[in-house]
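What's counted below: heavy atoms across the whole structure, side chains too, no hydrogens, waters or symmetry copies. Throughout, a chain's letter reflects where its sequence line sits, starting with A, and its residues are numbered from 1.
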Protein chains: 2
Amino acid sequence: MFLEIRHLRSLLTIRETGNLARAAERLHVTQSALSHQIKSLEQYFEAPLFLRNSKPLRLTPAGEKLIELARQVLPLVEGAENDLRRVARGELGRLHIAIECHACFEWLAPVLNRYRRQWPQIEVDIRVGVSFEALPALQKGEVDLVISSDPVKSTDLQFSELFDYEALLVMPADHPLVRKKRIQPTDLAEETLITYPVKRQRLDVFSRFLQPAGVEPAAVRQSELTSVILLLVASGRGVAALPDWVLREAEQAGTLATRPLGPRGMKGTLYAAVRRAEFDTAYLQDFIGLARRR
Amino acid sequence: MFLEIRHLRSLLTIRETGNLARAAERLHVTQSALSHQIKSLEQYFEAPLFLRNSKPLRLTPAGEKLIELARQVLPLVEGAENDLRRVARGELGRLHIAIECHACFEWLAPVLNRYRRQWPQIEVDIRVGVSFEALPALQKGEVDLVISSDPVKSTDLQFSELFDYEALLVMPADHPLVRKKRIQPTDLAEETLITYPVKRQRLDVFSRFLQPAGVEPAAVRQSELTSVILLLVASGRGVAALPDWVLREAEQAGTLATRPLGPRGMKGTLYAAVRRAEFDTAYLQDFIGLARRR
DNA sequence: GCATAGAATTGAGTAAAACTCATAATTTTA
DNA sequence: TAAAATTATGAGTTTTACTCAATTCTATGC
């Protein structure tokens with residue numbers, strides 16, 4: 001293998017100008033350089049590429065083959081180089097987001113709608129982290145940003161705080177527990193608890209509220225969709241623990257009531273994790289900004 | 001511009017082996033060379049191409065873009081290099097033949113049919129040299145071989161003898177001139193002469209036979225097709241001067257007679273001219289060989 | 001047909017790059 | 001945590017690409 005893109009560019013320019021001297025000028029090299037270059041190609045392929053004795057330099061069949069190649073390849077290369085420059089400037093890129101919490105969908109969807117308008121060139125996707133570990137996937141480059149509520153020290157990942165939230169117990173407006181200012185674990189011993197269909201250890205209401213107190217709800221029911229959970233709660237089929245952002249509108253409608261869990265409320269903070277090397281990219285920073293403001 | 005085919009090959013091999021060291025081995029360079037190469041690419045594009053901290057070396061979006069380019073470009077390059085090698089070995093090529101004599105068609109057509117079977121990869125074409133000068137066209141690379149009856153000394157063209165011929169006067173078997181052993185210019189003063197539609201100076205019967213003797217035929221009629229000329233002659237509409245190869249079968253049919261022109265016959269030799277640089281190519285030599293044997 | 005200007009080629013010298021070697025730093029794995 | 005495997009780095013070397021200057025070639029006008 002010998003042929004390089006440089007050769008194709010020279011060949012095409014010579015062909016276009018019909019003359020070594022002018023081609024050399026356009027390529028910002030001496031005409032001697034071009035002459036040497038062509039000669040080395042001809043020696044390598046053991047075939048002449050140009051017919052020397054004719055005024056507007058003409059190509060041999062071998063030369064034609066290379067010109068044909070140049071015409072195919074050079075636009076591809078230029079296109080790719082442009083894309084790469086835009087990738088470097090952060091104008092072009094990929095934003096595959098992994099979320100571990102189902103409820104995040106509720107604020108993420110509208111944020112992404114706004115985001116897409118600002119960054120139409122960024123390829124956006126959401127993956128709900130059920131079947132895979134989000135942070136390793138981020139490290140391996142399978143996804144580009146992880147929404148998580150527990151930051152981890154890492155040399156190659158960078159966590160940015162998004163916003164604080166509080167998980168609240170949701171129940172029908174006429175539920176007996178509405179009378180209490182704050183909910184205690186034992187209050188749920190006689191209730192049906194509705195959760196997302198993930199392992200208990202990944203549900204804060206179990207890991208941070210019920211299990212430490214050794215309380216088990218009367219029943220557990222699962223649903224994937226936040227809106228379905230709210231519907232079930234509203235129709236008296238159970239109660240649920242959901243982050244506050246989900247409940248803003250639902251509460252206003254007046255059919256649901258919310259109460260804090262535990263004496264100080266079950267609060268947390270959401271973070272966005274990205275690879276440290278890409279932390280400064282404009283399109284990632286902009287997403288983080290939008291997510292903070294929601 | 002910076003990116004070269006070498007880079008694309010390295011990138012793709014690294015991607016395929018998932019590992020600098022093995023890629024280096026496959027490319028017959030040191031692993032250090034690859035490391036430097038990638039680094040220089042990353043510096044040029046100001047973007048990382050690989051995620052370093054993951055076992056099977058993974059690509060960043062920028063890296064993916066380049067791999068995509070490599071997958072498009074490398075096969076094209078390899079294909080073209082193969083074609084070129086075959087062009088150099090004379091397995092692939094172009095044989096555009098220019099003929100100045102209309103009558104040559106008669107022996108050329110069957111020769112080319114045989115030739116095409118032997119060299120299916122050679123692109124064959126015939127151009128009858130009416131509207132252009134054949135030898136300059138050969139020098140300029142517009143055609144690749146010229147059939148001509150007068151060789152010229154040239155530094156960049158090479159003439160090869162094909163075969164000798166003799167131009168004969170053709171007439172109906174019952175024509176009065178059949179009684180003569182040889183035809184003299186004055187014999188044609190009362191005849192209608194049928195010729196190809198080209199300038200008189202390019203017709204030997206005028207330039208070498210009639211004009212030196214100052215004789216003008218009673219009438220001149222033209223036709224492009226040899227078979228039509230023979231038909232006209234057979235039906236008594238005139239006589240024609242045609243090279244012997246045209247007449248072999250026609251004469252055998254018994255309806256036509258031929259006689260030599262002038263005391264020693266109007267003889268000549270056909271040559272094939274090619275560009276000296278291509279003289280040794282197998283597919284040209286083979287054509288010349290076939291043409292000689294007819 | 002010869003002189004001449006415009007181009008291309010050539011060869012030598014130089015600058016630049018690509019590569020190797022040896023070694024250090026990292027990462028992975030046991 | 002040590003050993004093994006892999007990658008990165010820096011200095012030195014080789015190779016390649018280029019420039020400069022001189023020469024040769026080609027086309028064209030007189």
Side-chain angles (χ1 to χ4, degrees), chain A residues 1-11 13-44 48-60 63 136 139-141 154-157 275-277, chain B residues 1-11 13-44 48-60 63 133 135-136 138-141 153-157 275-277:
Chain A
M1 301 286 187
F2 174 83
L3 193 66
E4 288 294 350
I5 289 172
R6 168 170 30 90
H7 296 132
L8 296 182
R9 234 187 307 272
S10 301
L11 241 18
T13 311
I14 293 171
R15 156 82 203 229
E16 279 168 5
T17 59
N19 162 324
L20 279 202
R22 251 170 304 157
E25 202 177 339
R26 265 202 5 206
L27 293 166
H28 307 294
V29 293
T30 59
Q31 156 263 30
S32 169
L34 282 190
S35 180
H36 282 298
Q37 209 176 83
I38 300 302
K39 193 183 167 194
S40 80
L41 280 178
E42 291 181 327
Q43 280 171 352
Y44 174 75
L49 301 177
F50 288 104
L51 295 169
R52 293 351 170 36
N53 25 18
S54 85
K55 191 62 192 229
L57 224 47
R58 272 190 102 91
L59 293 162
T60 63
Q139 287 180 312
K140 289 198 199 304
S154 163
T155 48
D156 53 338
L157 298 184
R275 285 179 290 275
R276 203 174 285 282
Chain B
M1 301 286 188
F2 174 84
L3 192 67
E4 288 294 351
I5 289 172
R6 170 168 28 91
H7 296 131
L8 296 182
R9 236 186 307 272
S10 301
L11 242 18
T13 310
I14 294 171
R15 155 85 203 228
E16 279 167 5
T17 59
N19 165 320
L20 278 201
R22 251 171 303 157
E25 202 176 338
R26 263 198 14 202
L27 294 166
H28 307 294
V29 293
T30 59
Q31 159 271 352
S32 169
L34 281 191
S35 180
H36 282 297
Q37 207 176 84
I38 300 302
K39 193 182 165 193
S40 80
L41 279 179
E42 292 181 327
Q43 281 172 351
Y44 174 75
L49 301 177
F50 288 104
L51 295 169
R52 293 348 170 37
N53 25 18
S54 87
K55 187 57 197 242
L57 223 48
R58 271 193 101 91
L59 294 162
T60 63
E133 290 290 307
L135 292 181
L138 179 59
Q139 288 179 311
K140 289 197 199 305
K153 279 237 182 304
S154 163
T155 48
D156 54 338
L157 298 184
R275 284 178 291 275
R276 202 174 286 279

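Judged purely by atom type and a 3.5 angstrom limit, A:Ser35 has no side-chain atom pairing as donor or acceptor with the backbone of A:Gln31. Between the A:His7 side chain and the A:Glu4 main chain, a donor and an acceptor come within less than 3.5 Å of each other.
Of all non-hydrogen atoms in A:Leu27 and A:Thr13, the two that sit nearest each other are CD2-OG1, 3.6 Å. In terms of heavy atoms, A:Glu42 sits closest to A:Leu49 at OE2-N, 2.7 Å. Shown here for B:Ala23 and B:Leu34, the closest heavy-atom pair between the two residues is CB-CD1, 3.7 Å.
As rounded to whole Å, 12 Å separates atom C1' of D:dT7 from atom CZ of B:Phe50. Rounded to whole Å, atom P of D:dA17 lies 13 Å from atom OH of A:Tyr44. Look at CZ on A:Arg22: it is 9 Å from P on C:dA8, rounded to the nearest Å. When rounded to the nearest whole Å, the span between CG of B:Asn19 and C1' of C:dT27 equals 13 Å. Atom CD in A:Glu4 sits roughly 11 Å away from atom C1' in C:dA18 (whole-Å rounding). Whole-Å rounding puts the A:Leu57 CG to D:dC25 P distance at 17 Å. Distance CG (B:Leu51) to C1' (C:dT26): 16 Å, rounded to an integer number of Å. A:Phe2 has its CZ atom 14 Å from the P atom of C:dA18, to the nearest Å.
Rounded to the nearest 0.5 Å, atoms CG (B:Leu57) and OG1 (B:Thr17) are 8.0 Å apart.
Here the side chain of A:Thr30 is nearest to one of D:dC20, C:dA18, C:dT20, namely D:dC20.
Crowding of A:Glu16 atom CD: a count of heavy atoms from other residues, nucleotides or ligands under 6.0 Å exceeding 12.
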Could you pull out the protein-nucleic contacts involving nucleotides 9-13 of chain C (nitrogen or oxygen on both sides, under 3.5 Å)?
| from | atom 1 | to | atom 2 | distance (Å) |
| --- | --- | --- | --- | --- |
| C:dT9 | OP1 | A:Arg52 | NH1 | 2.3 |
| C:dT9 | OP2 | A:Ser35 | OG | 3.1 |
| C:dT10 | O4 | A:Ser32 | OG | 3.0 |
| C:dG11 | O6 | A:Ser32 | OG | 3.4 |
| C:dG11 | O6 | A:His36 | NE2 | 3.0 |

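A close approach under 4.0 Å does occur between a side-chain nitrogen or oxygen of A:Gln37 and OP1 or OP2 of D:dC18.
Contact annotation for B:Ala21: backbone-only contact, meaning every heavy-atom pair under 4.0 Å involves sugar-phosphate atoms and none involves a base.
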